[in-house]
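The figures that follow rest on heavy atoms only: side chains count, while hydrogens, waters and symmetry mates do not. Sequence lines set the chain letters: A, B, ... in the order given, protein chains first and strands last, and positions in each chain run from 1. Predicted, not measured: the structure shown is a model, and the values here were computed from it.
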Amino acid sequence: MDERTRTFLQSNFSRYYGDLMKTSAPSVTTDRVAESGMPEVVSMESREFGFINLEKPFPGDVVMHRHRAYASMDGLFDRFASQPPAHVYLSAARFRDPSARRMNEKGWTGADLVFDLDMDHLREAPETFPEMLLAVREETVKLVEEFLLGDLSVPVEEMQIAFSGGRGYHVHVRQEGYLGLGSRERREIVDYVKGRVSPDVYLKKGRTGRLSPEEPGWAGRLNLSLGRLLGELGDAEDSTEAVREVVENHSDDARLGEKRAAAVLESVSNLERGYFNPGKVTEESRVALVKEAALRAGADIDEPVTSDTHRLIRLPGSLHGGSGLRVTPLSVDELRDFSPLEDAVAFNDDPVLVEGKEDSPPFLRNVSLRGEEHGLGQGEEAELPRHAAVFMALRGGAEVK
Amino acid sequence: MDLEPAFLPFTDEAKRFVEGHGHGLDDLIGDDDLEPVRLRARDRLLQSLDGRVETPPDLGADPSQGAVSREALSYPLSRVMASCLGDRFLLKRLVEAEAKRCADYVEERSDPAEQLAEMGIRISDRGVDAPLAPGDVADGAESSIIRVTDFLGMTGGLPGDEWRLVNRRVSGGYVALADGEPLTLFREAARMRMEENLPLAVTPGICEPLSKYLGPVRETLDETHPYGGELRLDESCFPPCMEVLIEGIKKGEGIPHTARFAVTAFLRTVGVSMDEIVDMYDTFPDFDEEKTRYQVEHISGDSSGTEYLPPGCGTMRTYGNCPEQLMDSRCRADTVTHPLSYYRWALRESDSEGEHPQTGGEKPPSGD
């Protein structure tokens with residue numbers, strides 16, 4: 001990155017944070033947050049902040065400046081004004097002394113429960129970038145609606161959703177009871193959300209094993225998911241093969257023939273009454289199908305982030321220094337039809353003269369932002385809207401002329 | 001006569017009762033009149049190692065004030081004694097046995113929900129605060145519900161798939177409890193409460209005068225738990241995860257930082273020397289002995305003051321360091337939640353095999 005480009009980025013980031021300071025609305029209604037400035041940080045004084053600056057060596061071997069603490073949002077804005085950061089992080093944890101340099105001196109008092117959904121961690125990721133963005137959004141909607149607002153009944157005002165500015169979404173839960181949970185307890189929440197059920201418990205005969213669609217929690221969800229799974233397998237061109245594939249994916253049971261596959265598919269009629277007991281099918285096959293149904297109904301979160309009680313997470317409302325997109329705070333409604341490549345764009349369309357770098361990777365020769373395609377060949381000079389110029393420069397595809 | 005100070009010794013009420021006697025630790029250790037308290041404290045430890053704290057006969061029907069006092073005072077003293085021995089196995093057995101006794105008392109004469117409420121954990125009658133789904137109400141088998149977060153806080157130590165949140169009926173932020181489960185939760189909460197602050201900070205000045213009571217406990221402990229807190233080193237008993245990772249390290253394969261940490265902490269805990277561990281890493285292309293030694297020392301607590309235990313199975317799994325395809329029957333057992341619990345179990349089994357002379361190795365049994 002040459003100096004002219006660096007200065008260009010610094011002044012643009014600076015202007016973004018300067019405007020924020022003027023417009024930031026501390027109290028926004030919970031249903032319209034995307035357009036507001038930077039949401040007030042909950043329990044500001046007990047958070048640790050971390051920064052990566054736009055100065056050299058960025059974007060090379062960057063240094064994270066950690067252990068920063070601010071008593072108020074004003075203090076944070078002053079930091080932005082004096083040195084616009086490329087990336088800003090805040091701790092999920094709350095500390096008695098967030099600026100202490102060693103973890104055991106900080107005095108951990110609790111941590112938000114954080115979920116990270118990232119297109120790189122999807123179990124079955126689609127191929128194209130826009131499809132992946134949609135898939136990861138759907139996983140986030142599932143997490144929020146089914147699990148957080150649903151089973152766990154977390155009040156919507158104790159939850160913060162944000163587009164990460166990159167390839168996914170973050171959800172912060174700040175309800176009192178969750179703050180003190182340790183890693184082990186958080187891992188159980190991970191297992192819950194991902195659907196790592198013990199099939200035996202749900203297949204056991206008798207009361208507790210009944211898979212009635214009316215059942216709360218995973219029993220009811222499994223029933224519906226099994227129904228969808230069996231429906232889908234039944235519609236497949238070669239149903240026997242489709243059933244066998246699922247079973248073999250989760251077990252060593254390779255004995256499933258045509259008759260048994262048919263029995264599996266027919267068992268959908270018993271599901272409504274709360275039973276999953278296809279005739280003559282081995283226990284292993286049933287377990288395999290339940291596992292698959294559970295994973296499909298679960299939300300595909302990135303596990304280590306949630307179980308870690310000491311993570312730093314991007315600050316909602318800040319800019320992502322790898323894309324120039326805004327780490328956009330979202331209400332549940334806004335999340336449902338959020339389109340990052342349009343709605344997270346933080347800069348205007350003023351034309352900026354740029355030159356495609358000689359070593360720019362192929363995926364950067366074409367960028368689609370705010371519904372417009374921008375092409376930039378290697379060594380080619382062109383005028384791009386400011387947001388696209390920032391994006392290209394940060395990704396290493398262009399220098400500003 | 002209020003029996004709770006005698007039977008639920010961890011409660012605030014029992015604490016106040018003990019304090020009301022005005023006996024400090026010095027009295028408990030040295031006052032001649034309090035010899036029965038010391039004997040009872042010793043017995044609590046001995047009985048814990050046997051699996052249950054018995055109720056002395058004079059605490060049966062209509063116990064005397066003296067019997068209740070002796071019982072209540074012996075509880076804090078037994079914790080001091082156990083701390084003098086400082087053995088983790090003993091401390092664990094002590095709180096487990098004490099919690100079991102508390103639960104037996106509550107089952108017979110009190111109500112688990114009421115006792116949990118006193119500890120700040122509310123179990124509600126179903127339907128009052130947050131009704132579960134209709135299917136559940138019709139069912140009628142559950143009598144109560146508990147907040148998800150409280151449930152998680154209390155069930156981590158309970159083995160069995162049925163205690164995992166993902167296998168429970170969850171609705172409205174609550175978990176449904178079947179009959180009998182509130183009592184189990186009470187036992188767990190009591191155990192955790194009693195586990196807090198253990199081992200206590202004790203000094204030779206406290207422990208030496210108690211040595212005549214500690215002797216028999218030490219002996220029983222050595223019989224029950226042959227390693228006396230220390231683990232014997234036997235590589236053939238290592239769990240599959242450690243075998244695979246060590247193999248990888250020896251071959252110089254790219255092993256993630258989390259795995260190196262786990263292996264190092266594990267090897268230190270089971271007694272492998274610092275030098276041997278440092279040597280093991282010299283297969284790495286970027287091996288720097290100075291740096292490696294510093295890191296190994298840090299994990300062992302020699303330089304940091306904190307002795308790191310290797311991570312449990314859950315964490316190993318989270319970071320992809322559990323070779324799930326190599327798990328054996330021990331790994332899958334409910335009681336094995338940690339590479340060290342696997343190792344202890346394997347050691348015990350290899351010991352009992354060792355008792356047969358034909359597999360005992362080179363040394364013939366001495367003494368006849």
Please check if the number of heavy atoms outside [X] that lie under 6.0 Å from its [atom1] is greater than 12.
{"X": "Glu176(A)", "atom1": "CD", "value": "no"}
{"X": "Arg123(A)", "atom1": "CZ", "value": "yes"}
{"X": "Phe261(B)", "atom1": "CZ", "value": "yes"}
{"X": "Glu272(A)", "atom1": "CD", "value": "no"}

Which atoms of [X] are under 4.5 Å from chain B, going by heavy atoms: the side chain, the backbone, both sets, or neither?
{"X": "Leu152(A)", "result": "both"}
{"X": "Ser307(A)", "result": "side chain"}
{"X": "Arg196(A)", "result": "both"}

Exercise for review: Using a 4.5 Å cut-off on heavy atoms from C-beta on, say whether the side chain of Thr318(B) contacts that of Arg187(A).
Suggested key: yes
Exercise for review: Give, as side chain, backbone, both or neither, the part of Arg317(B) having an atom under 4.5 angstrom from any heavy atom of chain A.
Suggested key: side chain
Review point. Side chain, backbone, both or neither: which part of Tyr319(B) has a heavy atom under 4.5 Å from chain A?
Key: side chain
Point to revise | Among Thr149(B), Thr315(B), Asn167(B), Thr155(B), residue most engaged with chain A (heavy-atom pairs, under 4.5 Å) | key: Asn167(B)
Which atom names give the shortest non-hydrogen contact between [X] and [Y], and what distance separates them?
{"X": "Pro216(A)", "Y": "Arg169(B)", "result": "CG-CB, 4.0 Å"}
{"X": "Glu188(A)", "Y": "Trp163(B)", "result": "OE1-O, 4.3 Å"}
{"X": "Arg184(A)", "Y": "Gly156(B)", "result": "CZ-CA, 2.9 Å"}
{"X": "Ser153(A)", "Y": "Gly173(B)", "result": "CB-N, 3.6 Å"}

Point to revise | From Leu165(B) atom CG to Asp191(A) atom CG, the distance as rounded to the nearest 0.5 Å | key: 9.0 Å
Study note, to complete from the structure: So CD of Gln175(A) and CZ of Arg147(B): to nearest 0.5 Å the spacing works out to 7.0 Å
Check your understanding: For Val166(B), which of Val197(A), Val201(A), Val193(A) qualifies under side-chain contact (heavy atoms from CB on, under 4.5 Å)?
Key -> Val197(A)
Exercise for review: Mind ranking Gly195(A), Gly182(A), Gly177(A), Ser198(A) by heavy-atom pairs under 4.5 Å with chain B and telling me who comes out on top?
Suggested key: Ser198(A)
